[in-house]
Amino acid sequence: MTRAYNFSAGPATLPEAVLRQAQAEMLDWNGVGASIVELSHRGAEFMGVAAEAEANLRRLLSIPDDYAVLFMAGGATTQQALLPLNFAAPGQTADYVVTGHWSRTAIRQARPYVNVHVVADGEPGGFRDIPPRAQWSLSPDAAYVHITANETIHGVEYREVPDVGDVPLFADFSSSIASGPIDVSRYGLIYAGAQKNLGPVGIAVVIVRRELLERAGQPRADIFTYASHAARDSMLNTPPTWNWYLLGLTVKWMLEQGGVEEFARRSEAKAALVYEAIDSSGGFYRNEVAPAVRSRMNIPFFLPDETLTARFVAESRQAGLLGLKGHKAVGGIRASLYNAMPVEGARALVEFMRDFQRRHG
Ligand code: PMP
């Protein structure tokens with residue numbers, strides 16, 4: 001069996017060691033005679049798995065004690081709708097910074113529940129940069145300020161935490177969580193779908209300053225209430241146990257590999273290889289994102305025309321490089337370099353890019 005290098009944006013490549021452990025434990029977890037996915041979420045076995053995953057995630061991201069960590073069924077989009085429901089009063093304003101496709105999604109989910117104020121919009125610049133903080137028109141009475149830490153499609157990433165004063169900063173970290181140190185205390189809330197750096201699709205992580213859970217928000221069911229999930233250790237209803245288990249294995253693997261400092265080093269190295277290949281191609285490959293905000297996780301780039309793009313996708317697949325087709329919103333190619341992608345994968349991609357250009361450039 002050979003495993004290809006998988007550059008998918010999510011669901012994405014997982015560490016081989018994690019997949020092997022899950023495979024080995026599939027029929028009989030820890031000698032209990034059943035798979036972990038067959039056991040009650042309230043039994044000692046799964047409760048142990050869940051608690052260990054949370055403890056390890058807290059260690060990995062240095063999450064302070066005054067933050068709750070929630071494991072929620074579903075993806076990041078659901079959180080985008082829950083934010084205004086839980087934290088904004090009816091008619092209140094929430095501030096949103098638009099840096100690409102996923103900022104827009106966050107706004108679309110919030111609009112039914114809150115008065116969305118766009119404080120800055122990168123679209124006129126083609127989402128090639130993050131509007132500088134000095135140009136943001138923040139509302140003094142906003143319920144929160146929402147940013148997208150890394151834009152998975154447009155390939156722009158904040159390299160600094162913007163200072164937004166006393167209004168809590170909420171951030172979508174779906175595609176960059178655990179790719180480097182995060183100063184959690186600078187945020188009111190961080191959320192992430194797990195399917196990029198944390199494990200499988202079907203579960204999202206929410207890290208929220210506990211005092212914010214006291215906000216009244218808006219009329220909503222218990223199941224949409226973060227405080228209720230927090231009070232019941234994310235077991236308000238049956239949680240996605242399989243996904244939680246796989247997330248736990250992935251987080252443990254990241255700790256064993258050296259934690260977020262190590263992944264920051266690897267991410268810089270992998271991204272540098274690919275950007276160098278793009279920038280030294282004499283315009284054959286193009287990425288126009290401002291260097292200071294280029295994403296280390298998702299690198300979109302373009303070839304001279306559609307025919308070459310299609311050929312690149314087909315030939316790369318044959319060469320064992322999967323998932324390089326760009327998102328339909330922007331086209332082109334996209335290489336996602338999440339934590340489970342080894343540096344050898346980035347090297348193999350660069351080698352393929354150079355060879356492809358020699359043959360077709
Ligand atoms: N935010 C970001 C930054 C994303 O990359 C994605 C998915 N690619 C989402 C939100 C939506 O996540 P989900 O599909 O899990 O709802």
Side-chain angles (χ1 to χ4, degrees), residues 6-14 70-85 94 96-112 116 122-123 127 130 144-159 161-162 169-180 182 187 189-207 224 226 234 239-240 242-244 246-247 250 267 271 289 293-300 323-341:
N6 177 5
F7 296 90
S8 284
T13 189
L14 287 172
L70 309 178
F71 296 87
M72 311 272 295
T77 313
T78 309
Q79 312 314 319
Q80 294 175 338
L82 294 182
L83 299 180
L85 275 176
Y96 280 77
V97 184
V98 178
T99 47
H101 179 95
W102 295 108
S103 315
R104 288 236 183 282
T105 311
I107 289 176
R108 203 169 332 118
Q109 296 306 318
R111 267 222 165 95
V116 169
E123 186 157 23
F127 294 131
I130 291 179
Y144 54 84
V145 180
H146 182 280
I147 62 168
T148 307
N150 181 68
E151 287 282 357
T152 321
I153 294 176
H154 289 91
V156 301
E157 177 178 15
Y158 286 82
R159 289 307 188 94
V161 189
L169 181 63
F170 289 7
D172 178 355
F173 264 94
S174 292
S175 47
S176 58
I177 193 162
S179 63
I182 304 177
Y187 298 87
L189 181 146
I190 287 169
Y191 65 97
Q195 67 267 30
K196 293 123 182 355
N197 266 343
L198 292 184
V201 65
I203 190 163
V205 163
V206 178
I207 302 163
F224 298 146
Y226 285 127
S234 303
W242 172 249
N243 316 58
W244 198 333
L246 279 179
L247 182 151
T250 309
S267 298
V289 174
V293 298
R294 278 176 158 183
S295 170
R296 298 157 308 138
M297 293 289 106
N298 311 97
I299 306 185
L324 285 163
K325 191 174 192 307
H327 191 278
K328 60 183 183 316
V330 297
I333 303 293
R334 173 174 50 172
S336 295
L337 305 171
Y338 298 125
N339 286 357
M341 172 62 65

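Note that the coordinates shown come from a computational prediction; the quantities given were computed from them, not determined experimentally. Hydrogens, waters and symmetry mates play no part in the numbers below; they use all other heavy atoms, side chains included. Throughout, numbering of the chain's residues begins at 1 and tracks the sequence. When a ligand or atom number is given, it counts from 1 through the structure's own listing order.
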Walk me through whether Y226 and Q79 qualify under side chain to side chain donor-acceptor pair (under 3.5 Å). CA-CA 10 Å; Y226 285 127; Q79 312 314 319; 2.7 Å; yes
Those residues that, when tested against F127, pass ring pair (Phe, Tyr, Trp, His ring centres under 6.0 Å) (two or more places apart): H154
So E157 and S176, do their side chains get closer than 4.5 Å, heavy atoms only? yes
May I ask you to decide if the ring planes of Y144 and Y96 are parallel, tilted or perpendicular, using 30° and 60° as cut-offs? perpendicular
Donor + acceptor pair across side chains of T99, T148 (<3.5 Å): no
Close residues (non-hydrogen atom under 4.0 angstrom from ligand 1) work out to G75, A76, T77, Q80, W102, N150, T152, D172, S174, S175, Q195, K196
Minimum heavy-atom separation for P240 to G202, with atom names? CG-O, 3.6 Å
